[in-house]
Amino acid sequence: KPGRLVSIDFREGQPIHVWQIPQGKLERKFVPREEIEDTYGRITCSPGGRYLAAVSRQQPNWIHIYDLETGQVAGQLDVQAHGNVTNSRIAAVAFAPDGSEIAALSQGVLPSASIEQRVFVWDVKTGQIAAQPQLGKIAFAKADAIGTLLTSGPEPLQWFPDKKGWLLGHQLSADRI
């Protein structure tokens, strides 16, 4: 929301502060349901600034969505392990430019020791999965380098303006199909 600043202290049990700018007035504070992951790309605000989506540190496959107007949990999304994937986690999360969908980049290890990556897309109003394209498998030797590439720096998952795909790690693109 224009004129709003969200301040997050990543230590357990610490509140999220929502400030009115430029007045510097505290609008509200609330304690998140679970400790929030403090890595780039695992926290995002919706266009318009009403919602905050954050990946849980304790449950790295869960996204909690907070309503910044009320401080309440507006919803939660779960990326279930798929197929033979283990050690699955959400590496990045982002709202669509129009705020109608939210995407999460999921990474997990296959029995062959390669890394599988997928983008899960949910409809914000219904909470239903709208798409889940598989991005492919990465050989284990390259997995650490690719995983770091895809999740390093600010905004490692960005929507294309037409909502037909994403930019991953500022270098790779993925189609929605």
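Numbering starts at 1 and runs along the sequence shown.
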task = Classify the angle between the aromatic ring planes of Tyr66 and His64 as parallel (below 30°), tilted (30 to 60°) or perpendicular (above 60°).
result = tilted
ask   = Is any side-chain heavy atom of Ile8 closer than 4.5 Å to a side-chain heavy atom of Leu52?
value = yes
ask   = Do Leu77 and Phe120 have side chains that get closer than 4.5 Å, going by heavy atoms?
value = no
message = Tell me every residue that passes side-chain contact (heavy atoms from CB on, under 4.5 Å) with Asp123, counting only those two or more places apart in sequence or in another chain.
response = Lys125, Thr126
inquiry  = Please tell me whether Val31 and Val73 are part of a single hydrophobic cluster in this structure, the criterion being side-chain heavy atoms less than 4.5 Å apart.
reply    = no
Measure across [X] and [Y] and return the closest heavy-atom pair with its distance rounded to 0.1 Å.
{"X": "Cys45", "Y": "Leu68", "answer": "SG-CD1, 4.2 Å"}
{"X": "Ala74", "Y": "Tyr51", "answer": "CB-CE2, 3.8 Å"}
{"X": "Trp19", "Y": "Ser7", "answer": "NE1-CB, 4.0 Å"}
{"X": "Arg50", "Y": "Ser46", "answer": "N-OG, 3.4 Å"}
{"X": "Glu27", "Y": "Gln20", "answer": "OE1-CG, 3.3 Å"}

Return a table of donor-acceptor pairs under 3.5 angstrom between the side chains of residues 90-103 and protein atoms on other chains or two or more places apart.
from	atom 1	to	atom 2	distance (Å)
Asp98	OD1	Ser100	N	2.9
Asp98	OD1	Ser100	OG	2.7
Asp98	OD2	Ser100	OG	3.3
Asp98	OD2	Lys163	NZ	3.3
Ser100	OG	Lys163	NZ	2.8
Glu101	OE1	Arg176	NH1	2.9
Glu101	OE1	Arg176	NH2	3.3
Glu101	OE2	Arg176	NH2	2.8

query = At what distance, to the nearest 0.5 angstrom, does NZ of Lys29 lie from CD1 of Ile16?
reply = 12.5 Å
query = Sub-3.5 Å donor-acceptor pair from the side chain of Arg4 to the main-chain atoms of Val18, do we have one?
reply = no
Set of residues satisfying ring-ring contact (aromatic ring centres under 6.0 Å, His included) with respect to Trp159, sequence neighbours excluded = Trp166
